[in-house]
Every structure is written in C-alpha cells, then in structure tokens.
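Take a look at the structure below.
Order of the sequence lines sets the chain letters (A, B, ...), proteins ahead of strands, with each chain counted from 1.
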Amino acid sequence: MLRKIRTAAAIVVFTLACFLFVSGSLSVYFTWVIHAQLVPAILSGSLITAALLLSVTMLFGRLYCSVLCPLGILQDIFSRFGAAGRFQYSKGKPRMRLVFLLIFVTSLLAGTPIIFNLLEPYSAFGRIAAAILSPVWQLGINVLARIAEHYESYLVSATPVWIKGAASLTVALLTLLVIGWLSYRGGRSWCNTVCPVGTALGFLNRYALIHPRIKKADCVHCGICAKKCKASCIDSKKACIDASRCVVCLNCLDVCPKKALSYTVPKWLKTPGHHVHSTTELLRRNFAVAAAGTLATLLLKPASVFPDSGEVDALTRKRPYRRAVPVLPPGAHSLETFSDHCTGCQLCVSICPNQVLSVSGQLLEAPQPNLSFERGYCRPNCVDCSNVCPTGAIRPITLPEKSALQIGMAVAVPARCLLSQGEICVACSRNCPTAAIEKMEANDGKSYLTINTEHCTGCGACEYYCPIRPQAAIQVRGNDVQRLI
Amino acid sequence: MDDKSAKQNAANAEAPGRVSRRTFLKTAGIGVVGAAAITTGLVKLGQQEESDLPEPSEVTLRENPKNGDMISVLGFGFMRLPFLSGSSGPAPANGIIDEAAVFRMVDRAIESGVNYFDTAYVYHGGKSEVVLARALQRYRRDKIFISDKMPRMELDLAGAKEVFQTQLDRLQTDYIDYYMLHNQTTTEAYKAMYEESGILDYLLAEKEAGRIRNLGWSFHGDKECLEYLLSRPVEWDMALLQLNYHDLLHEYQAPPYVIARTSQPSPPKWNYERMMQTDIPLFVMEPLLGGRLGRLSRKAMAVLSQEKPRDSAASWAFRYAAGLPHVVGVLSGMTYMEHLDDNLRTFGPYSPLSEQEMTVLQNAVAIFVSQDVVRCTYCNYCIPCPYGIDIPAVFAHFNRYVDDEQVPKGERNADYEQARRAYLVGYDRSVAELSQAQRCTGCGKCVKLCPQWIDIPAEMSRLGRFAEQLRNEV
C-alpha cells in the first residue's frame with residue numbers, strides 16, 4: 001500500500017514536471033514541483049522550503065529522492081526496464097560520495113557553474129526534458145495537428161519543432177546516456193555515488209525517525225529484498241540496511257516472505273505481489289521509436305539543425321553566434337550574479353513564449369541560457385522567465401520594471417547595413433518598441449542608424465527583423481549590469 | 001592463464017548488471033559517432049560576432065608639466081559607482097556598492113592604460129575610498145596615481161589630521177599623489193578652515209614629508225575666492241575645475257533672485273580664463289555636466305550625429321574638455337562598463353576636435369540651450385528637501401520629455417491625449433506621489449545648495465502647475 005502511494009505520488013510529480021517543460025504552462029498547479037526542489041530553493045534563498053524538505057527527510061527518510069526528484073524518478077523508469085528485480089547488494093562508496101559533494105559545494109562557492117550545473121539533479125532532468133522531450137512532444141503535437149487538419153478540425157494546431165541548439169542537445173544526450181545507463185544496470189547508483197543532494201540527504205537519512213528496518217529475528221537471509229533494492233543497500237547476509245543509501249522506495253517491504261521488513265507499523269503490510277515483465281523487447285521498441293522520432297525531426301526541419309540547406313536566403317533564420325557581450329534574461333542583474341545562481345535547468349528556455357532564450361554554442365561553458373534573436377525578440381509584455389526561475393538567478397521583475405529595464409544596447413554595423421549602401425530599409429526602426437532607432441543622413445552623404453541609448457532596452461527586435469544574414473546589421477550587446485533607464 | 005581469463009569473462013557475462021565487451025563496444029561506438037556528428041554542428045554554431053565597431057587601443061597619456069608624471073587623459077572618477085539594486089546615477093550614501101562590477105571596470109580600465117583614479121572622503125559616505133583601495137589591490141602602487149580630497153567640514157587641526165590618516169588607512173597606502181582642498185567656495189570659508197586653524201600648514205608639512213605628492217584644490221566658488229587662492233604664497237600643484245562645452249561655449253545668466261540669495265557666481269568661462277594666466281596644471285571635473293551632456297536632447301544630438309554618426313554625445317564633450325590648453329586629465333565618473341567602453345574608444349587614442357567639428361558643436365549647443373530644459377545636472381546636492389520633494393527626479397522627468405520632444409502641447413494636436421497620458425504615467429513612475437513638485441512650499445532652502453544656480457522654487461511651481469493642468473483636463 002505504502003509503496004503504491006509512493007509510486008502514485010512519483011508519477012504525479014514526474015508528469016507535472018514533464019508537462020511544465022513541454023507545455024510552457026505557468027499555472028501554480030505545475031510550478032510547485034520546481035519550487036520544491038532542494039538546491040534551487042537554497043540558491044533562491046527560500047530557506048523555509050529548504051528547511052521543510054530537510055525536516056521531512058529527518059522524519060520520514062529520503063522520500064525526496066523517490067517522490068520529488070524528477071531525475072530520481074526518471075532513473076526508476078529506466079531501472080524498471082533494466083535491472084529491476086535483479087539488483088544486488090554493493091558496498092557503497094562513501095569516500096567518492098564525499099568527494100563529489102565537496103566538488104559541488106566548492107564549485108558553488110567558487111562560482112564555477114559548469115561543475116555544479118552538471119551535478120545538480122533537478123537541472124540535469126530539466127536539460128533532458130527541454131532538449132529531448134520537448135521536441136519529441138512538439139513532433140507529437142504536429143502529428144495530431146496533421147490528423148486534425150485532415151478532418152478539418154481546429155482542435156490542435158501545429159507548432160514549430162525547435163531543437164534548442166546543439167550544445168544543450170549534446171549536454172542533455174550525454175546526461176541521459178550516463179544516467180540512463182547507470183540506472184538501467186544498477187538502479188540508483190548515480191544517486192548514491194555522484195549526486196550531491198543524495199549524499200547530503202543520505203547523511204540525514206541515517207538519523208531519520210522512520211525508515212525501513214529489518215527485524216533480525218525474523219530474517220532468514222533469503223536475499224529477496226536485496227534483489228528488489230534499487231539502491232543496492234540491503235545486506236541480506238547481515239540483515240542490515242545502509243540507511244545513507246536507502247531512498248525509501250519501499251519496494252523491499254512487500255516482497256519479504258517473513259514480513260521482517262517494516263517502515264512504520266508492520267501490521268499494515270499486506271502485499272499484492274506485482275508482475276514484472278521481461279522488458280528487453282519493450283526497451284528495444286521504445287528506443288526504435290525515439291530514434292525514428294529524432295530522425296524525422298531532423299528531416300522535417302532541416303533549417304534549424306543544418307544551417308546551409310540551400311533554401312532561399314531571406315527565408316532562412318539567422319545563425320546564432322557568439323556575442324561580444326552576452327545578453328542575459330531580464331532580471332539576471334549581471335553575468336557574475338547570474339552564473340553564480342543558475343543551475344542550467346532550462347525551465348526558462350522551455351517556457352519562453354518568444355523563443356529567445358537558449359544555450360547557443362557554449363558547450364564549454366555552463367549550460368546557462370542567454371538571449372539570441374533568431375526566432376523572436378524579448379517582448380516588453382512578458383516576464384515569464386523571471387517568474388518561473390526556481391533558483392533566483394533571474395530575479396522576479398514586474399511588467400512596468402521590464403519596460404524600463406535595459407538588458408543591452410543595439411550597435412549598428414554600417415558595413416553591412418542597407419542604408420549605408422544607399423538602399424531603403426525601415427525594418428529595425430519601424431519595429432523598435434521604444435522608437436530608439438532613427439535613420440539619419442550624415443554630412444558625408446550616407447545614411448546611418450542612430451540609436452538612442454537612453455531608450456534602447458536591448459530587446460532585440462531590430463536584430464530579429466533585420467534582413468541581413470547570417471549576422472544582422474544591427475546587433476545587441478549585453479549590458480555588463482542590467483539597469484533601469 | 002587463458003583458462004582463468006575465460007572463466008572471468010564467463011563470470012562477467014553471467015553476473016547481472018555487468019557489461020559484456022560486445023555491448024560496451026557497441027555503446028561506445030554509438031557515443032563516439034553521435035558526439036562527432038554533434039561537434040561538427042557545434043563548429044558552425046561557434047561563430048563569433050562580427051562588428052565593425054572600432055576596437056580601442058591604449059589610452060593616450062599626457063605629461064604633467066610640473067612634475068613629469070605620465071597621466072592618462074581619461075581619469076576614473078569614483079563618485080558615481082554602481083549599486084546592487086540596479087539603480088543608476090549618484091546615489092544615497094546607504095546604497096550597497098556593486099563591488100564586483102567596479103572591479104571589472106577598474107581591471108579593464110587599467111588594462112587599457114588608465115592610471116589616474118579620483119576619490120574623496122565624502123563620496124559614497126566614505127565607501128568610495130575603501131572600494132578604490134580594494135580595486136587597486138592587485139596593481140603596483142607606483143604605476144597608479146590616486147587623487148583624494150580634504151572634506152569641507154567643520155574641522156580643527158586634530159580633526160583634519162585624523163581625517164587624513166583615515167584616508168591613508170582606507171586607501172591602504174603611504175602617500176596620495178594628488179591631494180585637494182575640496183570644494184572651495186568663498187574666501188571666508190577658506191580662511192576659516194585652512195588658514196586660521198593651521199590645517200594648510202599641516203598639509204604643507206605632509207607634502208614636505210612626502211605623504212602628499214601634489215597639493216591643490218577643487219573649485220566651485222566665486223571670483224573673489226579664486227583670486228584669493230591664487231594670491232596666496234602657496235605653490236599650488238594642481239587645480240580641479242568644472243569645465244565643459246556647455247558652460248564655456250555659452251554664457252548663462254542666473255536669475256536675479258538666485259544671485260541675491262547666494263554669493264555672486266563666477267562663470268566657468270571666467271574661471272578658466274583666469275587659470276590660463278597661471279601655470280597651474282588643470283584637471284577637469286563635470287566634463288559632462290553631471291551626465292547631462294551624455295544625454296543631450298534629440299535635436300542637438302541630431303546635429304552631432306550628422307557629423308559623426310557613430311560617436312556618442314559623451315565623446316564630443318570629452319574631446320572638447322581634453323582639448324583645452326593647460327588641461328592634463330579629464331575625470332569621468334563612470335557607473336557602468338558601457339560608459340567605460342565608450343570612453344576608451346574616445347581616448348584610445350585621443351584626437352582633438354577639428355575646426356569643422358568645433359563649429360558643429362557650437363551649433364548643437366545653440367540648439368540645446370534654446371530648448372526649455374531645466375539646467376539640472378542631477379548632482380543631488382539640493383536633497384534632502386525638508387518637505388521630501390525629489391527635486392532632481394522631477395527635473396529629470398521633465399527634461400527627458402523635452403529632450404525627446406514628447407511634452408504634451410496643444411489640445412488640438414492629434415497626439416495630445418497620448419502624450420498627456422505618457423507624461424503623467426511616467427511622472428508617477430519616476431517620482432513618488434509624495435515627492436512630486438506640487439508639494440513644494442517655496443521655502444528656498446535648496447537655492448543656496450544648487451551649484452547650477454537654478455531657481456528651484458520657481459521651477460517647481462512651473463512644473464507642478466503643468467502636471468496639475470494635465471491631470472485636470474478630461
């Protein structure tokens with residue numbers, strides 16, 4: 001019964017988290033899932049949440065890892081197809097765990113985001129959801145839309161499939177590969193060797209009030225529970241549980257033929273045995289589906305992945321490039337404060353309705369997003385990313401603040417600009433939301449753009465609408481520090 | 001041995017959760033191919049920004065004729081440091097300085113050859129000196145020139161000694177390169193503070209002892225005071241003056257009411273011409289008139305842009321100030337990296353205004369001063385107002401609408417309704433309800449404090465009435 005409740009809760013959390021990343025809905029019914037994540041809560045300074053999570057752990061054990069952590073649940077899904085039921089006890093690697101925890105904390109304090117970004121579990125999940133799950137979801141929507149179109153229904157409309165940059169895809173795929181592989185063959189071995197949250201909570205778990213215990217008198221050392229333990233923490237020979245690694249999944253409780261394992265009151269334990277299928281076949285099929293999906297995506301939308309696909313120039317998107325100074329999401333203050341807080345979970349990237357946030361071409365740095373204007377610009381009527389950021393890296397701002405917040409400034413490149421070549425163009429000046437751009441005829445007989453730095457907010461409308469390719473003739477440079485103008 | 005390893009293999013293959021070699025190679029192969037495919041994509045994405053914005057070279061250095069110091073023409077002023085809240089402009093003494101941002105700016109400035117840093121005891125409530133010391137920690141002291149100032153407070157000799165020692169402690173240094181008597185205004189004040197108390201003799205003794213390398217003053221006062229300073233038998237090594245094209249290219253007449261309430265203002269142009277008769281090296285403060293000339297107005301800016309489409313308004317002001325004879329260095333109170341970058345483009349290297357450019361600048365000034373702007377530089381000397389009016393914010397709001405030609409005019413105008421709404425909403429946003437101009441009592445306390453000689457109560461009444469008028473129209 002307890003196990004079923006745990007499973008049901010985990011399914012709800014995981015579905016909500018996935019839905020949040022693929023749908024971009026900002027309803028509080030979804031967002032509580034991310035506000036309950038431990039590291040983001042600490043980073044954003046919501047200490048009440050953090051204290052609550054820690055005290056729950058002290059009371060009921062590492063439930064967090066089984067129920068609230070989406071990456072943990074993802075691993076459970078993998079191990080269900082893999083080693084489930086064939087786990088074996090292992091000795092744990094306390095020293096390695098401590099080393100990883102130390103590395104994590106040091107990188108947080110020293111401000112080297114690439115390390116703590118990769119280790120933080122919620123963000124690792126976020127990157128997978130944003131880079132892999134989201135395009136697959138969009139593809140599914142498009143298939144539905146095709147069907148709806150065929151029957152002249154307007155129920156579902158097509159959305160463009162967007163693979164958010166090769167860098168984020170690479171990072172997500174590698175994470176998925178490592179996590180997937182480890183959990184497929186060994187259950188929660190990531191959580192109990194690498195994950196810093198797992199190590200920290202595991203330490204508390206040793207002192208938790210309630211956690212699974214073995215009644216030594218009843219134990220016959222049959223080892224059935226150990227086979228079920230995805231954390232590999234039950235030593236059936238000695239009839240003891242390594243509490244620092246137990247994630248309180250409660251899978252062991254039901255299977256003990258002697259009812260020697262208990263979580264609370266042993267009387268509760270009545271077990272409907274459950275059917276485990278052989279799943280190699282299933283996995284193979286799933287993998288084939290996923291591969292086909294990815295391949296189809298690449299074929300359907302070649303422009304987004306292969307920039308030189310020989311289409312008409314004006315109809316290709318501009319190419320992302322590395323800015324002289326990156327433009328950060330409004331509310332991030334400065335690169336320094338931003339990279340100290342952002343765990344690279346990609347939630348803002350997923351929910352950005354204007355598709356300006358991405359992790360473009362910066363694989364060697366952290367998977368932390370910045371703005372790029374190939375698919376839209378940062379519209380003045382939106383502060384979604386600042387509302388959703390769980391770590392406080394993008395601090396909450398209001399719409400009036402946003403309208404006066406300068407995140408960067410446009411810089412014209414006369415060498416590429418049509419005006420300076422005597423052509424007519426109004427693309428940037430007409431579309432500037434603050435009317436900061438003007439065309440001006442200079443004394444040298446040529447026309448130039450003048451940009452009013454008191455009015456320019458760095459929203460990128462000019463760059464987005466500029467007809468010049470592959471890089472626009474007017475480009476936004478991020479401000480060192482964002483400020484109200 | 002073979003037998004043993006075969007057994008081992010068999011064991012491996014059997015053990016649950018172990019990887020067979022075949023599976024391992026397969027997985028690894030897929031990984032390598034995938035990574036290679038993605039990396040080729042990455043190379044394409046890793047493009048750099050291509051801009052034709054000129055990259056600045058080293059900042060021009062100038063020799064101080066008095067002592068041979070090679071000083072960067074651009075000096076870094078530490079009076080307008082950025083705050084963590086993200087607010088801009090000269091700020092309250094209790095704000096938290098964004099030190100990380102300051103360090104980034106100082107690093108880039110020094111890297112580009114800036115070597116003159118100006119601070120004062122009173123800037124940012126004393127934090128300016130502390131932050132400057134921290135920012136300069138990693139650099140050799142003998143490659144840097146620090147200028148600091150004795151505050152204009154009621155001090156006796158002991159108090160002055162304590163202040164000077166505090167400054168050395170805050171700056172973590174044994175000597176100050178350029179030391180000034182801050183903000184000289186009237187002869188009486190100068191006599192009382194420096195001559196009668198013996199503070200001047202003390203500072204001269206410190207100079208003898210090498211703890212002050214150069215002694216001078218900064219000036220905001222009247223004609224008599226300047227004459228008096230120059231007539232003293234003291235060898236002044238430097239002077240810091242407010243010099244900018246706005247004040248030098250056009251004469252401003254303060255309203256009679258203001259003149260009556262304060263001492264006779266001495267026009268900057270007169271000051272400069274008087275200093276030209278001496279051989280005291282000059283340093284320039286307020287080259288942008290408190291940032292005002294960095295914004296300018298739309299009409300005036302259009303004139304400048306026509307001549308130099310890519311140059312900022314600020315660059316004109318700096319090039320003008322640095323081109324004045326006797327000037328060694330020009331101070332800029334840079335708040336943001338973008339200010340610094342713009343200045344580095346202006347001074348790396350520095351080129352004086354050509355004759356043609358000087359004419360253009362004169363035209364722009366003529367247009368600028370003919371507009372209805374309040375000549376406020378937002379220096380904040382007038383606040384706190386006893387009735388809580390945010391005087392600089394009121395002026396800033398109005399000036400912004402004048403600069404952009406957005407002041408609502410004429411009810412029959414097609415855009416009138418929109419302009420009116422924009423003006424009022426903007427007013428409420430930038431000035432809190434209880435700090436707006438309508439609440440001015442006209443007490444006149446601010447008039448004495450304004451270094452720009454603005455008739456503040458009159459302007460408050462004008463702008464307050466204007467806002468009320470707009471509000472009352474339906």
Side-chain angles (χ1 to χ4, degrees), chain A residues 82-83 86-88 165-167 169-170 173-174 177 181 185-186 305-308 319-325 333-334 336-337 360-363 400 404-405 409 411-416 438 440-444 446 448-450 452-455 470-471 475 477 479-485, chain B residues 15-19 27 30-31 34-35 37-53 82-88 98 100-101 104-105 108 294-296 298 301-302 305-310 312-313 335-338 340-342 356 360 400 403-404 425-426 429-430:
Chain A
R86 294 181 282 113
F87 297 114
Q88 57 182 156
L169 187 65
T170 316
L173 275 175
L174 289 179
L177 216 71
W181 179 244
R185 51 178 285 247
V305 181
F306 308 113
D308 292 326
R319 212 179 279 175
Y321 61 94
R322 201 185 169 83
R323 269 162 219 283
V325 190
H333 191 67
S334 70
E336 209 163 315
T337 47
S360 49
Q362 292 188 31
L363 185 60
L405 188 71
M409 276 184 255
V411 177
V413 188
R416 290 201 291 270
E438 276 182 286
M440 187 260 323
E441 277 185 32
N443 296 344
D444 66 1
K446 287 185 184 172
Y448 291 91
L449 295 171
T450 58
N452 185 337
T453 50
E454 290 294 303
H455 286 204
Q471 284 186 27
Q475 293 171 305
R477 284 193 177 184
N479 273 5
D480 182 59
V481 175
Q482 298 180 346
R483 55 183 182 262
L484 292 173
I485 47 170
Chain B
R18 292 285 175 90
V19 199
T27 324
I30 292 169
I38 288 160
T39 326
T40 40
L42 262 186
V43 174
K44 274 185 180 163
L45 292 176
Q47 235 183 36
Q48 295 289 318
E49 175 174 327
E50 287 162 17
S51 170
D52 56 359
L53 204 64
F83 286 84
L84 268 181
S85 59
S87 67
S88 70
D98 187 349
R104 287 199 294 273
M105 280 195 283
R108 186 173 299 177
R295 277 180 286 265
L296 226 51
R298 191 162 161 253
M301 188 61 211
S305 296
Q306 258 167 13
E307 182 62 29
K308 284 268 186 178
R310 309 199 67 182
S312 66
T335 311
Y336 297 112
M337 191 65 94
E338 292 72 33
L340 175 64
D341 283 342
D342 187 35
Q356 157 75 9
V360 169
R400 179 185 268 261
D403 288 352
D404 301 338
V425 171
R429 253 186 220 167
S430 44

- Is it true that a side-chain atom of A:Arg483 and a backbone atom of B:Tyr336 form a donor plus acceptor pair closer than 3.5 Å? no
- Which residues share a side-chain contact (heavy atoms from CB on, under 4.5 Å) with A:Pro470, sequence neighbours left out: A:Arg319
- Query: For B:Glu50, is it the side chain, the backbone, both, or neither that has a heavy atom closer than 4.5 Å to a heavy atom of chain A?
  - Reply: both
- Is the side chain of A:Glu454 donor-acceptor paired with the backbone N or O of B:Gly294 at a distance under 3.5 Å, no angle test? no
- To the nearest 0.5 Å, tell me how far B:Ser305 OG sits from A:Glu438 CD. 9.0 Å
- Between A:Ala324 and B:Glu49, the two heavy atoms sitting closest are N-OE1, 2.8 Å
- Item | For the student: nearest non-hydrogen atoms of A:Ala442 and B:Pro309, plus distance | CB-CG, 3.8 Å
- Task: Name the option with the most non-hydrogen atom pairs under 4.5 Å to chain A; the candidates are B:Arg400, B:Met105, B:Lys308, B:Met301.
- Result: B:Arg400
- So, for A:His333 and B:Asp98, which heavy atoms are closest and what is the spacing to 0.1 Å? NE2-OD2, 3.0 Å
- Message: For B:Met337, is there any backbone N or O sitting under 3.5 Å from a side-chain donor or acceptor partner on A:Asp480?
- Response: no
- Under 4.5 Å heavy-atom distance to chain A, tell me which part of B:Asp341 shows up: side chain, backbone, both or neither. neither
- Message: Donor-acceptor check, side chain of A:Arg416 to backbone of B:Asp52, threshold 3.5 angstrom: yes or no?
- Response: no
